[in-house]
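Each remark here refers to the structure printed beneath this line.
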Amino acid sequence: MATVKCSIPKGTRDFLPIEMARRNYIFDTIRSVFRTFAFEPIETPSLENLSTLMGKYGEEGDKLLFKVLNSGDFMEGVDFQQDYHKVAPRICDRGLRYDLTVPFARFVVQHRDQITFPFRRYQLQPVWRADRPQKGRYREFYQCDADMIGSTSLLNELELVQMIDMVFSRLGINVVVKINNRKVLAGIADMIGAPDKLVDITVAIDKLDKIGLDNVRAELAERGLTSSQIRALDPVFSLSGTAEEKIAALEAMFANVEVGRKGAEELKELFGYITAAGVKCEVELDLTLARGLNYYTGAIFEVKAKDVQIGSICGGGRYDNLTGIFGMPDVSGVGISFGADRIYDVLTELDAFPADLAQAAQVLFINFGPAEQAACVKAAARLRAEGIATLVYPEAAKMKKQMEYANRKQVPFVAFIGETELKDGTVTLKNMIDGNQTTMTIDELIAVLG
RNA sequence: GUGGGCGUAGUUCAGCUGGUUAGAGCGCCAGAUUGUGGAUCUGGAGGUCGUGGGUUCGAGCCCCACCUCCCACCCCA
(Lines give C-alpha, C1' and ligand atoms only; values in the text may rest on other atoms or scores of the structure.)
Protein backbone atom coordinates (compact mmCIF):
# COMPACT_ATOMS: atom_id res chain seq x y z
CA MET A 1 0.00 0.00 0.00
CA ALA A 2 1.28 3.43 -0.87
CA THR A 3 2.22 5.47 2.19
CA VAL A 4 0.12 8.57 2.79
CA LYS A 5 1.94 11.83 3.21
CA CYS A 6 1.66 13.01 6.82
CA SER A 7 0.15 16.44 6.95
CA ILE A 8 -2.69 18.45 8.46
CA PRO A 9 -4.83 21.10 6.77
CA LYS A 10 -3.36 24.52 6.22
CA GLY A 11 -3.62 26.78 9.23
CA THR A 12 -4.27 23.97 11.74
CA ARG A 13 -1.83 22.65 14.32
CA ASP A 14 -0.95 19.63 16.45
CA PHE A 15 -0.04 20.34 20.05
CA LEU A 16 2.81 18.52 21.79
CA PRO A 17 2.61 17.75 25.53
CA ILE A 18 4.76 20.77 26.41
CA GLU A 19 2.54 22.97 24.26
CA MET A 20 -0.57 21.54 25.89
CA ALA A 21 0.88 22.25 29.33
CA ARG A 22 1.43 25.87 28.31
CA ARG A 23 -1.96 26.21 26.64
CA ASN A 24 -3.69 24.76 29.68
CA TYR A 25 -1.85 27.27 31.84
CA ILE A 26 -3.48 30.04 29.75
CA PHE A 27 -6.92 28.40 29.74
CA ASP A 28 -6.77 27.72 33.49
CA THR A 29 -5.83 31.33 34.23
CA ILE A 30 -8.65 32.73 32.11
CA ARG A 31 -11.18 30.21 33.41
CA SER A 32 -10.29 30.95 36.98
CA VAL A 33 -10.83 34.70 36.45
CA PHE A 34 -14.17 34.04 34.71
CA ARG A 35 -15.29 31.95 37.68
CA THR A 36 -14.16 34.61 40.11
CA PHE A 37 -16.58 36.97 38.39
CA ALA A 38 -19.32 34.32 38.67
CA PHE A 39 -19.63 33.41 34.99
CA GLU A 40 -21.01 29.95 34.20
CA PRO A 41 -19.68 27.67 31.46
CA ILE A 42 -21.60 26.51 28.41
CA GLU A 43 -20.63 24.77 25.18
CA THR A 44 -22.19 24.84 21.73
CA PRO A 45 -21.59 22.56 18.73
CA SER A 46 -18.74 23.13 16.26
CA LEU A 47 -21.30 22.96 13.48
CA GLU A 48 -24.10 25.51 13.22
CA ASN A 49 -26.76 25.87 10.58
CA LEU A 50 -25.37 28.19 7.96
CA SER A 51 -28.49 30.34 8.28
CA THR A 52 -27.43 31.09 11.87
CA LEU A 53 -23.98 32.21 10.76
CA MET A 54 -24.45 33.94 7.41
CA GLY A 55 -24.78 37.71 7.31
CA LYS A 56 -23.64 38.32 10.89
CA TYR A 57 -20.02 39.17 10.20
CA GLY A 58 -20.29 41.38 7.15
CA GLU A 59 -19.47 40.46 3.59
CA GLU A 60 -15.86 39.55 4.45
CA GLY A 61 -17.03 37.26 7.21
CA ASP A 62 -19.33 35.26 4.96
CA LYS A 63 -16.40 34.52 2.69
CA LEU A 64 -14.34 33.29 5.62
CA LEU A 65 -16.94 30.79 6.82
CA PHE A 66 -16.04 27.13 6.42
CA LYS A 67 -19.04 25.49 4.81
CA VAL A 68 -19.78 21.79 5.14
CA LEU A 69 -21.02 19.82 2.16
CA ASN A 70 -24.43 18.20 2.65
CA SER A 71 -24.58 14.43 3.02
CA GLY A 72 -26.35 12.27 0.47
CA ASP A 73 -27.09 13.44 -3.05
CA PHE A 74 -26.24 17.08 -2.56
CA MET A 75 -26.37 17.63 -6.33
CA GLU A 76 -30.07 16.90 -6.71
CA GLY A 77 -31.91 19.84 -8.25
CA VAL A 78 -28.93 22.18 -8.17
CA ASP A 79 -27.78 24.14 -11.21
CA PHE A 80 -24.02 23.92 -11.16
CA GLN A 81 -23.65 26.29 -14.10
CA GLN A 82 -24.26 29.38 -11.97
CA ASP A 83 -21.68 31.24 -9.93
CA TYR A 84 -20.04 29.26 -7.12
CA HIS A 85 -21.19 31.57 -4.36
CA LYS A 86 -24.75 30.96 -5.48
CA VAL A 87 -24.22 27.21 -5.58
CA ALA A 88 -22.59 27.03 -2.12
CA PRO A 89 -25.72 27.80 -0.06
CA ARG A 90 -27.68 25.24 -2.09
CA ILE A 91 -25.32 22.38 -1.30
CA CYS A 92 -24.21 23.40 2.22
CA ASP A 93 -26.72 23.69 5.06
CA ARG A 94 -24.12 23.79 7.82
CA GLY A 95 -20.83 25.47 8.59
CA LEU A 96 -18.15 25.65 11.26
CA ARG A 97 -18.68 28.43 13.79
CA TYR A 98 -16.76 31.64 13.11
CA ASP A 99 -16.85 32.97 16.66
CA LEU A 100 -18.59 32.20 19.95
CA THR A 101 -20.79 35.27 20.19
CA VAL A 102 -23.32 34.56 17.45
CA PRO A 103 -23.80 30.92 18.52
CA PHE A 104 -24.27 32.29 22.04
CA ALA A 105 -27.03 34.63 20.85
CA ARG A 106 -28.72 31.64 19.20
CA PHE A 107 -28.25 29.65 22.42
CA VAL A 108 -29.87 32.38 24.53
CA VAL A 109 -32.92 32.60 22.29
CA GLN A 110 -33.30 28.84 22.07
CA HIS A 111 -32.96 28.24 25.83
CA ARG A 112 -34.50 31.45 27.15
CA ASP A 113 -36.94 29.50 29.32
CA GLN A 114 -34.05 27.89 31.21
CA ILE A 115 -31.94 31.01 31.65
CA THR A 116 -32.18 33.57 34.43
CA PHE A 117 -31.36 37.08 33.25
CA PRO A 118 -29.05 38.90 33.50
CA PHE A 119 -27.16 35.82 32.36
CA ARG A 120 -23.37 35.59 32.37
CA ARG A 121 -21.69 32.74 30.60
CA TYR A 122 -18.16 31.81 29.64
CA GLN A 123 -17.10 29.54 26.80
CA LEU A 124 -13.66 28.21 25.81
CA GLN A 125 -13.88 26.53 22.42
CA PRO A 126 -12.23 26.51 19.01
CA VAL A 127 -13.53 28.57 16.10
CA TRP A 128 -12.67 28.34 12.40
CA ARG A 129 -11.99 30.93 9.72
CA ALA A 130 -11.01 30.24 6.12
CA ASP A 131 -8.47 33.04 6.27
CA ARG A 132 -5.01 32.84 4.80
CA PRO A 133 -2.72 31.85 7.69
CA GLN A 134 -0.05 34.24 8.87
CA LYS A 135 1.85 35.18 12.01
CA GLY A 136 -0.64 34.99 14.87
CA ARG A 137 -3.39 33.98 12.47
CA TYR A 138 -4.71 30.45 12.23
CA ARG A 139 -7.63 28.70 10.56
CA GLU A 140 -8.50 26.87 13.74
CA PHE A 141 -7.98 28.73 17.00
CA TYR A 142 -9.46 29.03 20.46
CA GLN A 143 -11.52 31.85 21.79
CA CYS A 144 -12.24 32.35 25.47
CA ASP A 145 -15.43 34.35 25.73
CA ALA A 146 -17.28 35.92 28.62
CA ASP A 147 -20.58 37.65 27.95
CA MET A 148 -23.32 39.13 30.10
CA ILE A 149 -26.71 39.38 28.48
CA GLY A 150 -29.98 40.94 29.59
CA SER A 151 -28.59 44.09 31.18
CA THR A 152 -27.69 47.49 29.74
CA SER A 153 -25.79 48.62 32.83
CA LEU A 154 -22.31 49.94 32.16
CA LEU A 155 -21.21 48.19 35.32
CA ASN A 156 -20.94 45.17 33.02
CA GLU A 157 -18.42 46.99 30.85
CA LEU A 158 -16.45 47.89 33.95
CA GLU A 159 -16.32 44.26 35.04
CA LEU A 160 -15.02 43.22 31.62
CA VAL A 161 -12.18 45.72 31.97
CA GLN A 162 -11.46 44.39 35.46
CA MET A 163 -11.34 40.83 34.12
CA ILE A 164 -8.96 41.84 31.34
CA ASP A 165 -6.80 43.52 33.95
CA MET A 166 -6.79 40.45 36.19
CA VAL A 167 -6.07 37.93 33.41
CA PHE A 168 -3.13 39.80 31.95
CA SER A 169 -1.63 40.76 35.26
CA ARG A 170 -1.73 37.08 36.30
CA LEU A 171 -0.13 36.06 33.03
CA GLY A 172 2.49 38.78 33.37
CA ILE A 173 1.71 40.57 30.11
CA ASN A 174 1.83 44.36 29.90
CA VAL A 175 -1.24 45.53 28.02
CA VAL A 176 -3.14 48.61 27.03
CA VAL A 177 -6.93 48.39 26.90
CA LYS A 178 -8.37 50.54 24.14
CA ILE A 179 -11.97 51.60 24.47
CA ASN A 180 -14.30 53.38 22.08
CA ASN A 181 -18.03 53.55 21.48
CA ARG A 182 -19.90 52.84 18.28
CA LYS A 183 -22.41 55.57 19.09
CA VAL A 184 -19.59 58.10 19.01
CA LEU A 185 -18.56 56.82 15.59
CA ALA A 186 -22.18 57.00 14.44
CA GLY A 187 -22.34 60.53 15.84
CA ILE A 188 -19.33 61.52 13.81
CA ALA A 189 -20.94 60.17 10.65
CA ASP A 190 -24.15 62.04 11.47
CA MET A 191 -22.31 65.22 12.29
CA ILE A 192 -20.75 65.47 8.84
CA GLY A 193 -23.99 64.48 7.17
CA ALA A 194 -22.93 61.03 6.01
CA PRO A 195 -24.70 58.53 8.27
CA ASP A 196 -24.76 55.98 5.45
CA LYS A 197 -20.96 56.12 5.27
CA LEU A 198 -20.47 54.98 8.88
CA VAL A 199 -18.67 51.77 7.92
CA ASP A 200 -16.41 53.50 5.40
CA ILE A 201 -15.52 56.18 7.89
CA THR A 202 -14.71 53.76 10.70
CA VAL A 203 -12.63 51.51 8.44
CA ALA A 204 -10.60 54.50 7.26
CA ILE A 205 -10.23 56.04 10.72
CA ASP A 206 -9.11 52.68 12.05
CA LYS A 207 -6.00 52.91 9.90
CA LEU A 208 -4.92 56.31 11.19
CA ASP A 209 -1.87 55.22 13.17
CA LYS A 210 -0.88 52.80 10.43
CA ILE A 211 -1.06 54.90 7.25
CA GLY A 212 -1.21 58.47 8.57
CA LEU A 213 -3.71 61.29 8.32
CA ASP A 214 -3.13 62.18 4.67
CA ASN A 215 -3.70 58.63 3.50
CA VAL A 216 -6.81 58.35 5.63
CA ARG A 217 -8.18 61.50 3.97
CA ALA A 218 -7.34 60.05 0.56
CA GLU A 219 -9.11 56.82 1.41
CA LEU A 220 -12.18 58.72 2.64
CA ALA A 221 -12.31 60.61 -0.64
CA GLU A 222 -12.00 57.33 -2.50
CA ARG A 223 -14.93 56.01 -0.51
CA GLY A 224 -17.12 58.85 -1.68
CA LEU A 225 -16.90 61.55 0.98
CA THR A 226 -16.85 65.16 -0.19
CA SER A 227 -13.91 67.34 0.72
CA SER A 228 -16.06 69.46 3.01
CA GLN A 229 -17.19 66.33 4.84
CA ILE A 230 -13.59 65.22 5.21
CA ARG A 231 -12.66 68.66 6.53
CA ALA A 232 -15.50 68.40 9.03
CA LEU A 233 -13.74 65.35 10.49
CA ASP A 234 -10.67 67.37 11.47
CA PRO A 235 -11.79 67.99 15.07
CA VAL A 236 -12.02 64.23 15.51
CA PHE A 237 -8.42 63.68 14.44
CA SER A 238 -7.12 66.54 16.55
CA LEU A 239 -8.64 65.26 19.79
CA SER A 240 -5.97 64.64 22.39
CA GLY A 241 -5.31 64.58 26.11
CA THR A 242 -6.80 62.40 28.82
CA ALA A 243 -9.96 60.40 28.35
CA GLU A 244 -11.85 63.05 30.34
CA GLU A 245 -10.59 65.83 28.07
CA LYS A 246 -11.47 63.92 24.93
CA ILE A 247 -14.94 63.18 26.26
CA ALA A 248 -15.49 66.84 27.13
CA ALA A 249 -14.50 67.82 23.58
CA LEU A 250 -16.85 65.19 22.17
CA GLU A 251 -19.74 66.50 24.26
CA ALA A 252 -19.18 69.95 22.85
CA MET A 253 -18.84 68.61 19.33
CA PHE A 254 -22.07 66.62 19.64
CA ALA A 255 -24.24 69.46 21.01
CA ASN A 256 -26.73 68.80 18.21
CA VAL A 257 -26.03 65.14 17.46
CA GLU A 258 -28.07 62.84 19.65
CA VAL A 259 -26.37 59.46 19.10
CA GLY A 260 -22.97 61.03 19.50
CA ARG A 261 -24.00 62.70 22.72
CA LYS A 262 -25.32 59.40 24.04
CA GLY A 263 -22.01 57.73 23.14
CA ALA A 264 -20.01 60.41 24.90
CA GLU A 265 -22.22 60.05 27.98
CA GLU A 266 -21.63 56.31 28.04
CA LEU A 267 -17.90 56.79 27.75
CA LYS A 268 -17.99 59.34 30.55
CA GLU A 269 -19.86 56.95 32.82
CA LEU A 270 -17.61 53.99 32.00
CA PHE A 271 -14.37 55.90 32.47
CA GLY A 272 -15.79 57.25 35.72
CA TYR A 273 -16.34 53.68 36.95
CA ILE A 274 -12.87 52.65 35.81
CA THR A 275 -11.20 55.53 37.59
CA ALA A 276 -13.16 54.85 40.75
CA ALA A 277 -12.42 51.13 40.68
CA GLY A 278 -8.75 51.60 39.86
CA VAL A 279 -7.22 49.06 37.45
CA LYS A 280 -3.53 48.18 37.16
CA CYS A 281 -3.23 48.21 33.39
CA GLU A 282 -3.29 51.17 31.03
CA VAL A 283 -6.76 52.13 29.75
CA GLU A 284 -7.10 54.48 26.83
CA LEU A 285 -9.96 56.13 24.97
CA ASP A 286 -9.10 55.52 21.33
CA LEU A 287 -11.43 57.17 18.85
CA THR A 288 -9.72 55.40 15.95
CA LEU A 289 -10.75 52.01 17.32
CA ALA A 290 -13.51 50.67 15.05
CA ARG A 291 -13.51 46.83 15.06
CA GLY A 292 -14.90 44.99 12.11
CA LEU A 293 -17.72 42.93 13.57
CA ASN A 294 -20.75 44.88 12.52
CA TYR A 295 -23.09 43.80 15.33
CA TYR A 296 -21.49 46.09 17.92
CA THR A 297 -23.65 49.03 18.95
CA GLY A 298 -22.08 50.55 22.08
CA ALA A 299 -18.76 50.17 23.86
CA ILE A 300 -15.99 48.41 21.95
CA PHE A 301 -12.78 47.01 23.42
CA GLU A 302 -9.46 45.88 22.14
CA VAL A 303 -6.39 44.78 24.08
CA LYS A 304 -2.85 45.04 22.76
CA ALA A 305 0.35 43.67 24.26
CA LYS A 306 2.74 46.54 24.86
CA ASP A 307 5.97 44.56 24.47
CA VAL A 308 5.12 42.31 21.51
CA GLN A 309 4.22 43.21 17.95
CA ILE A 310 1.12 41.15 17.21
CA GLY A 311 -2.55 41.89 16.47
CA SER A 312 -5.02 42.35 19.30
CA ILE A 313 -5.02 39.59 21.93
CA CYS A 314 -8.49 40.31 23.24
CA GLY A 315 -11.49 42.15 21.89
CA GLY A 316 -15.16 42.69 22.47
CA GLY A 317 -18.02 45.07 22.78
CA ARG A 318 -21.72 45.65 23.33
CA TYR A 319 -24.38 44.38 20.96
CA ASP A 320 -27.91 45.64 21.51
CA ASN A 321 -29.86 43.35 19.28
CA LEU A 322 -27.97 40.21 18.31
CA THR A 323 -30.77 38.03 19.62
CA GLY A 324 -33.28 40.02 17.57
CA ILE A 325 -32.38 38.16 14.38
CA PHE A 326 -33.37 34.96 16.16
CA GLY A 327 -36.72 36.35 17.24
CA MET A 328 -35.95 37.80 20.66
CA PRO A 329 -35.62 41.58 20.34
CA ASP A 330 -34.42 44.19 22.84
CA VAL A 331 -31.96 42.04 24.73
CA SER A 332 -28.66 43.79 25.13
CA GLY A 333 -25.42 41.97 25.74
CA VAL A 334 -21.77 42.79 26.17
CA GLY A 335 -18.75 40.53 26.12
CA ILE A 336 -15.09 39.97 25.46
CA SER A 337 -13.05 37.30 23.79
CA PHE A 338 -9.50 36.33 24.73
CA GLY A 339 -7.43 34.95 21.85
CA ALA A 340 -5.65 32.05 23.53
CA ASP A 341 -3.39 31.29 20.56
CA ARG A 342 -2.10 34.82 20.29
CA ILE A 343 -1.62 35.02 24.04
CA TYR A 344 0.45 31.84 23.66
CA ASP A 345 2.59 33.53 21.01
CA VAL A 346 3.04 36.59 23.20
CA LEU A 347 4.10 34.53 26.23
CA THR A 348 6.49 32.55 24.03
CA GLU A 349 8.09 35.69 22.70
CA LEU A 350 8.37 37.13 26.22
CA ASP A 351 9.61 33.77 27.52
CA ALA A 352 7.10 34.27 30.32
CA PHE A 353 5.72 30.75 30.88
CA PRO A 354 6.34 29.26 34.33
CA ALA A 355 9.37 26.96 34.15
CA ASP A 356 7.82 23.88 35.79
CA LEU A 357 4.96 23.35 33.34
CA ALA A 358 6.78 20.53 31.52
CA GLN A 359 6.94 18.35 34.63
CA ALA A 360 4.51 15.44 34.23
CA ALA A 361 5.87 13.09 36.90
CA GLN A 362 7.32 13.90 40.28
CA VAL A 363 9.20 10.67 40.72
CA LEU A 364 10.44 7.79 38.55
CA PHE A 365 11.08 4.30 39.95
CA ILE A 366 14.15 2.67 38.41
CA ASN A 367 13.47 -0.89 37.32
CA PHE A 368 16.16 -3.44 38.26
CA GLY A 369 14.36 -6.68 37.49
CA PRO A 370 11.23 -8.75 38.27
CA ALA A 371 11.51 -8.88 42.07
CA GLU A 372 12.46 -5.20 42.43
CA GLN A 373 9.81 -4.20 39.89
CA ALA A 374 7.09 -5.81 42.01
CA ALA A 375 8.20 -3.72 45.00
CA CYS A 376 8.19 -0.58 42.80
CA VAL A 377 4.66 -1.28 41.61
CA LYS A 378 3.50 -1.58 45.20
CA ALA A 379 5.26 1.58 46.29
CA ALA A 380 4.00 3.49 43.25
CA ALA A 381 0.41 2.51 44.08
CA ARG A 382 0.81 4.03 47.53
CA LEU A 383 2.31 7.27 46.15
CA ARG A 384 -0.44 7.58 43.55
CA ALA A 385 -3.08 7.06 46.22
CA GLU A 386 -1.60 10.17 47.83
CA GLY A 387 -1.92 12.06 44.55
CA ILE A 388 1.80 12.03 43.71
CA ALA A 389 2.40 11.73 39.95
CA THR A 390 4.53 8.60 39.71
CA LEU A 391 6.27 6.67 36.95
CA VAL A 392 7.67 3.14 37.06
CA TYR A 393 10.13 2.46 34.26
CA PRO A 394 8.38 -0.31 32.30
CA GLU A 395 11.42 -2.56 31.75
CA ALA A 396 14.71 -3.41 33.39
CA ALA A 397 16.72 -1.36 30.92
CA LYS A 398 20.24 -0.14 31.53
CA MET A 399 20.44 2.33 34.36
CA LYS A 400 21.91 5.00 32.07
CA LYS A 401 18.91 4.74 29.82
CA GLN A 402 16.46 5.00 32.72
CA MET A 403 18.30 7.96 34.23
CA GLU A 404 18.40 9.72 30.87
CA TYR A 405 14.68 9.17 30.56
CA ALA A 406 14.15 10.89 33.92
CA ASN A 407 16.33 13.79 32.78
CA ARG A 408 14.50 14.31 29.56
CA LYS A 409 11.10 14.08 31.13
CA GLN A 410 12.32 16.61 33.70
CA VAL A 411 11.33 14.30 36.54
CA PRO A 412 12.79 15.94 39.66
CA PHE A 413 13.30 12.69 41.65
CA VAL A 414 14.21 9.07 40.91
CA ALA A 415 13.63 6.25 43.38
CA PHE A 416 15.75 3.13 43.60
CA ILE A 417 14.54 -0.17 44.95
CA GLY A 418 17.45 -2.53 44.34
CA GLU A 419 18.75 -5.59 46.11
CA THR A 420 19.56 -3.89 49.41
CA GLU A 421 16.43 -1.71 49.57
CA LEU A 422 14.33 -4.76 48.73
CA LYS A 423 15.86 -6.62 51.67
CA ASP A 424 15.42 -3.68 54.09
CA GLY A 425 12.00 -2.60 52.83
CA THR A 426 13.37 0.87 52.01
CA VAL A 427 13.77 3.10 48.98
CA THR A 428 16.63 5.39 47.94
CA LEU A 429 15.47 8.77 46.69
CA LYS A 430 17.75 10.81 44.47
CA ASN A 431 17.26 14.49 43.72
CA MET A 432 17.99 14.90 40.02
CA ILE A 433 18.90 18.56 40.32
CA ASP A 434 21.55 18.49 43.04
CA GLY A 435 22.35 14.76 42.85
CA ASN A 436 21.88 14.14 46.60
CA GLN A 437 20.31 10.87 47.66
CA THR A 438 18.90 9.41 50.88
CA THR A 439 17.57 6.00 51.85
CA MET A 440 14.21 6.02 53.63
CA THR A 441 10.98 4.12 54.23
CA ILE A 442 7.98 4.42 51.89
CA ASP A 443 6.15 6.46 54.55
CA GLU A 444 9.05 8.89 54.66
CA LEU A 445 9.07 9.00 50.87
CA ILE A 446 5.40 10.00 50.84
CA ALA A 447 6.13 12.70 53.42
CA VAL A 448 8.99 14.10 51.30
CA LEU A 449 7.11 14.10 47.99
CA GLY A 450 3.61 14.78 49.24
C1' G B 1 -9.17 37.11 -2.62
C1' U B 2 -4.25 40.17 -4.35
C1' G B 3 1.20 40.48 -4.22
C1' G B 4 6.25 38.60 -2.62
C1' G B 5 9.64 34.77 -0.63
C1' C B 6 11.02 29.60 0.82
C1' G B 7 11.15 24.21 0.17
C1' U B 8 18.02 19.51 0.59
C1' A B 9 18.62 13.80 6.69
C1' G B 10 14.27 13.74 12.59
C1' U B 11 15.80 19.18 12.95
C1' U B 12 18.72 23.75 11.67
C1' C B 13 21.24 24.72 7.53
C1' A B 14 25.68 24.36 3.61
C1' G B 15 26.06 22.73 -1.43
C1' C B 16 30.72 27.34 -6.31
C1' U B 17 29.20 29.93 -13.42
C1' G B 18 24.98 22.94 -14.22
C1' G B 19 29.99 18.23 -13.81
C1' U B 20 32.39 11.80 -10.15
C1' U B 21 29.51 8.42 -4.75
C1' A B 22 24.79 15.31 -1.98
C1' G B 23 27.69 17.37 3.27
C1' A B 24 27.99 19.66 8.50
C1' G B 25 26.08 20.92 13.55
C1' C B 26 22.33 19.29 16.80
C1' G B 27 19.32 14.99 17.61
C1' C B 28 18.89 9.45 17.20
C1' C B 29 21.13 4.24 17.95
C1' A B 30 25.35 1.40 19.93
C1' G B 31 29.87 1.17 22.77
C1' A B 32 33.80 3.15 26.25
C1' U B 33 30.66 2.48 31.70
C1' U B 34 26.61 -4.88 34.76
C1' G B 35 23.54 0.25 41.30
C1' U B 36 23.63 6.21 39.42
C1' G B 37 21.89 10.82 34.69
C1' G B 38 23.44 15.84 32.50
C1' A B 39 30.08 15.97 30.25
C1' U B 40 33.67 13.70 26.89
C1' C B 41 35.40 10.25 23.22
C1' U B 42 34.61 6.28 19.40
C1' G B 43 31.57 3.96 15.87
C1' G B 44 26.78 3.61 13.23
C1' A B 45 21.98 4.37 10.97
C1' G B 46 19.33 7.95 8.37
C1' G B 47 18.06 11.55 1.76
C1' U B 48 12.47 9.28 -4.35
C1' C B 49 17.01 17.05 -2.92
C1' G B 50 8.33 19.39 -2.05
C1' U B 51 5.50 16.93 -6.58
C1' G B 52 5.06 16.43 -11.88
C1' G B 53 6.84 17.79 -16.54
C1' G B 54 10.73 20.21 -19.66
C1' U B 55 15.90 22.00 -21.36
C1' U B 56 20.81 19.38 -21.45
C1' C B 57 25.77 14.51 -22.92
C1' G B 58 24.74 15.59 -17.65
C1' A B 59 19.92 19.04 -13.10
C1' G B 60 19.80 19.78 -5.85
C1' C B 61 21.26 24.06 -9.15
C1' C B 62 18.14 26.41 -15.30
C1' C B 63 12.61 26.75 -17.33
C1' C B 64 7.10 25.74 -16.62
C1' A B 65 2.95 24.04 -13.70
C1' C B 66 1.07 22.47 -9.07
C1' C B 67 1.51 21.88 -3.72
C1' U B 68 3.36 23.55 1.05
C1' C B 69 5.03 26.83 4.59
C1' C B 70 6.33 31.92 5.66
C1' C B 71 5.60 37.35 4.89
C1' A B 72 2.69 41.74 3.35
C1' C B 73 -2.29 43.63 1.86
C1' C B 74 -7.57 42.89 2.93
C1' C B 75 -9.69 41.49 7.35
C1' C B 76 -9.15 39.83 12.17
C1' A B 77 -8.27 36.60 17.95
Side-chain angles (χ1 to χ4, degrees), chain A residues 2-3 5-13 26 30 57-65 84-85 97-101 124-145 164 199 202-204 206-207 210-211 219 289-294 300-305 309-317 335-346 364 366-369 372 393 396-422 427-437 439:
Chain A
T3 52
K5 205 172 93 192
C6 287
S7 66
I8 53 175
K10 185 198 287 236
T12 64
R13 294 152 300 156
I26 295 170
I30 292 172
Y57 310 105
E59 216 175 300
E60 268 318 297
D62 284 354
K63 277 194 268 181
L64 298 180
L65 282 169
Y84 75 94
H85 60 254
R97 63 165 170 260
Y98 178 93
D99 72 357
L100 301 177
T101 308
L124 276 50
Q125 286 192 280
V127 303
W128 294 268
R129 295 184 189 176
D131 215 350
R132 195 178 279 214
Q134 233 183 92
K135 181 185 166 82
R137 177 177 298 188
Y138 308 97
R139 284 187 158 181
E140 178 184 57
F141 61 97
Y142 275 73
Q143 290 194 332
C144 309
D145 277 35
I164 291 169
V199 173
T202 54
V203 168
D206 188 40
K207 295 179 186 167
K210 213 168 183 177
I211 63 176
E219 184 157 336
L289 174 63
R291 292 193 58 79
L293 267 17
N294 59 8
I300 43 183
F301 307 97
E302 194 160 287
V303 180
K304 291 209 148 200
Q309 182 71 37
I310 197 165
S312 61
I313 53 178
C314 178
I336 44 166
S337 179
F338 291 84
D341 303 82
R342 284 193 180 170
I343 292 171
Y344 184 99
D345 291 345
V346 168
L364 168 76
I366 300 290
N367 188 332
F368 286 103
E372 294 89 343
Y393 200 86
K398 284 202 185 116
M399 169 97 58
K400 181 187 169 84
K401 190 165 181 167
Q402 300 192 40
M403 296 295 280
E404 252 173 18
Y405 184 75
N407 265 337
R408 288 194 193 177
K409 302 285 286 181
Q410 296 187 43
V411 183
F413 293 98
V414 290
F416 302 94
I417 300 182
E419 221 177 313
T420 46
E421 289 88 351
L422 193 58
V427 55
T428 298
L429 184 70
K430 180 185 174 90
N431 180 320
M432 290 300 277
I433 293 151
D434 60 24
N436 293 333
Q437 59 186 63
T439 301

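A, B, ... follow the sequence lines: proteins, then strands. Residue 1 opens every chain.
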Heavy atoms from C-beta onward define the side chain here; which of B:G37, B:C74, B:C75 lies closest to that of A:Gln134? B:C74
Pick the C1' atom in B:G3 and in B:U21, then give their distance to the nearest Å. 43 Å
For the residue pair A:Tyr393 and A:Tyr405, does the interplanar ring angle fall in the parallel (under 30°), tilted (30 to 60°) or perpendicular (over 60°) class? perpendicular
Heavy-atom closest pair, residues A:Gln402 and A:Ala396: NE2-C, 3.9 Å
If you compare every side-chain N and O of A:Lys400 against the phosphate oxygens of B:G38 (OP1, OP2), does one of them come in below 4.0 Å? yes
What's the OH-C1' distance between A:Tyr405 and B:G38, to the nearest Å? 17 Å
No-H, no-angle donor-acceptor pair, A:Arg408 side chain to B:G38 base, under 3.5 Å: no
What are the two closest heavy atoms between A:Gln437 and A:Phe416, and how far apart are they? OE1-CE1, 4.4 Å
To the side chain of A:Glu404, which of B:G37, B:G1, B:G35 is closest? B:G37
Ring stacking, A:Phe416 with base of B:G35, under 5.5 Å and under 30°? no
Under a 3.5 Å distance rule, please check whether A:Arg342 uses its side chain to pair with a backbone N or O of A:Arg137 as donor and acceptor. no
P gap between B:C64 and B:G7, integer Å: 16 Å
Restricting to non-hydrogen atoms, name the atom on A:Asn431 and the atom on A:Ile433 that form the minimum distance, rounded to 0.1 Å. OD1-N, 2.7 Å
So what does A:Gly435 touch, heavy atoms closer than 4.0 Å: a base, only the sugar-phosphate, or nothing? base
Considering only heavy side-chain atoms of A:Glu419, the closest of B:G31, B:U36, B:G35 is B:G35
Please measure how far the P atom in B:G58 lies from the corresponding atom in B:U68, and state the result in whole Å. 32 Å
Does the A:Gln125 side chain pair with the main chain of A:Leu100, one donor and one acceptor, at a distance under 3.5 Å? no
State which of B:C69, B:U36, B:C75 makes the closest approach to the side chain of A:Met399. B:U36
Distance between the P atoms of B:A30 and B:G5, in whole angstroms? 46 Å
Could you measure between the two P atoms, the one in B:C66 and the one in B:C26, and give it in whole Å? 41 Å
RNA chain B: stems of at least 3 consecutive Watson-Crick or G-U pairs, cut-off 3.5 Å? B:1-5 with B:69-73, B:10-13 with B:23-26, B:28-32 with B:40-44, B:50-54 with B:62-66
Tell me the interatomic distance from A:Asp434, atom CG, to B:U36, atom P, rounded to whole angstroms. 18 Å
Could you tell me whether the side chain of A:Arg129 and the main chain of A:Tyr98 form a donor-acceptor pair under 3.5 Å? yes
Would you say the base of B:G35 and the side-chain of A:Gln437 have a donor-acceptor pair closer than 3.5 Å? no
Among B:A77, B:G37, B:G35, find the nucleotide with the atom closest to the side chain of A:Arg342. B:A77
Please report the distance separating the P of B:C6 from the corresponding atom of B:C62, rounded so that it comes out in whole Å. 10 Å
Checking side-chain polar atoms at under 3.5 Å, does A:Thr428 have a donor or acceptor matched by the opposite partner on A:Glu421? yes
Along RNA chain B (nearest heavy atom to each residue), the more 5'-positioned of A:Arg139 and A:Arg132: A:Arg132
Using the P atom in both, what is the distance from B:C16 to B:G60, to the nearest Å? 12 Å
Nearest-angstrom distance, C1' atom, B:A65 to B:G46: 32 Å
Check this for me: does the side-chain of A:Gln402 come within 3.5 Å of the base of B:U36 through a donor and an acceptor? no
Determine: side-chain N/O of A:Lys401 to OP1/OP2 of B:U36, distance under 4.0 Å, yes or no. no
Side-chain donor or acceptor of A:Arg137 under 3.5 Å from a matching atom on the base of B:A77? no
Nearest 0.5 Å, please: how far is OG in A:Ser337 from CG in A:Asp99? 7.5 Å
Both A:Met432 and A:Glu302 contact RNA chain B. Which one's nearest nucleotide lies toward the 5' end? A:Met432
